[in-house]
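In what follows, a single structure is set out as structure tokens and then discussed.
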Amino acid sequence: MAAPKKYPDELRQRAVRLYRESDPKPVIRRLAEQLGVHHEALRNWIRQAEADADERHDRPTSEMAEENRRLRREVTELRRANEILKAASAYFAAELDPTRRRS
């Protein structure tokens, strides 16, 4: 289960929009102080918004990150199922093979 978000999504969207629509661009630290958020949080929100808008390529888009999380969960579940199937296969193989010694 994911940790709860410290800042509401509405605040995040408003802060990013305020930064992107300002001309000249405000200093992130000062804008963060005015909004009551940590400056690194605001910097990360801006970077993510730029990645989502295909303006930067050094980080995945939100959709890609969500798909990666989903695929990791799926791989974990499939590995767990595979281990169960291996154990069941070994158990039934031992039951069906009368020549095999039981320990």
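- Residue Glu63 qualifies as enclosed at atom CD: its count of foreign heavy atoms under 6.0 Å is above 12.
- Nearest heavy atoms, Leu31 versus Ala15: CD2-O, 4.3 Å.
- More than 12 heavy atoms of other residues, nucleotides or ligands sit less than 6.0 Å from atom CZ of Arg59.
- Note: Glu66 CD to Arg70 CZ = 8.5 Å, rounded to the nearest 0.5 Å.
- Looking at Glu77 and Arg80, a side-chain N of the basic residue comes within less than 4.0 Å of a carboxylate O on the acidic one, giving a salt bridge.
- At a cut-off of 3.5 Å, with distance as the only test, a side-chain donor of Asp52 or Gln48 sits close to an acceptor on the other residue.
- At a threshold of 4.5 Å between non-hydrogen side-chain atoms, the residues Val37 and Arg12 do not count as touching.
- Residue Ile28 holds its CD1 atom at 4.0 Å from CD1 of Ile46, rounded to the nearest 0.5 Å.
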**OP:** Output, in order, the C-alpha distance, side-chain angles, deciding distance and verdict of salt bridge (Lys or Arg N to Asp or Glu O under 4.0 Å) for Arg30 and Glu33.
**Re:** CA-CA 5 Å; Arg30 190 168 303 130; Glu33 288 173 4; 5.9 Å; no

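- Not a single donor-acceptor pair under 3.5 Å links the side chain of Glu67 to the backbone N or O of Ser62.
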**OP:** Determine, step by step, whether Thr76 and Arg73 satisfy the side chain to side chain contact (heavy atoms under 4.5 Å, CB included) criterion, reporting the C-alpha distance in whole Å, the side-chain angles of both residues, the deciding distance to 0.1 Å, and the verdict.
**Re:** CA-CA 5 Å; Thr76 301; Arg73 285 191 303 267; 5.7 Å; no

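- Between the Thr61 side chain and the Met64 main chain, a donor and an acceptor come within less than 3.5 Å of each other.
- Asn44 contributes a side-chain N or O that, together with a main-chain N or O of Glu40, makes up a donor-acceptor pair within less than 3.5 Å.
- Without hydrogens or angle criteria, Ser89 side chain to Leu85 main chain gives no donor-acceptor distance under 3.5 Å.
- How far NZ of Lys6 is from CG of Leu11: 11.5 Å, rounded to the nearest 0.5 Å.
- The residue from His57, Arg56, Arg20 that alone fulfils the side-chain hydrogen bond (donor to acceptor under 3.5 Å, both in side chains) condition with Glu50 is Arg56.
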Original post:
Going through the checks in order, is the ring-ring contact (aromatic ring centres under 6.0 Å, His included) test met by Trp45 and Tyr7?
Top reply: CA-CA 11 Å; Trp45 299 342; Tyr7 302 108; 5.3 Å; yes

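- Of all the heavy atoms in Ala51 and Pro60, the pair that sits closest is CB-O, 4.1 Å.
- Here Arg79 does not pair with Glu74 in a salt bridge; the nearest charged N to carboxylate O distance is not below 4.0 Å.
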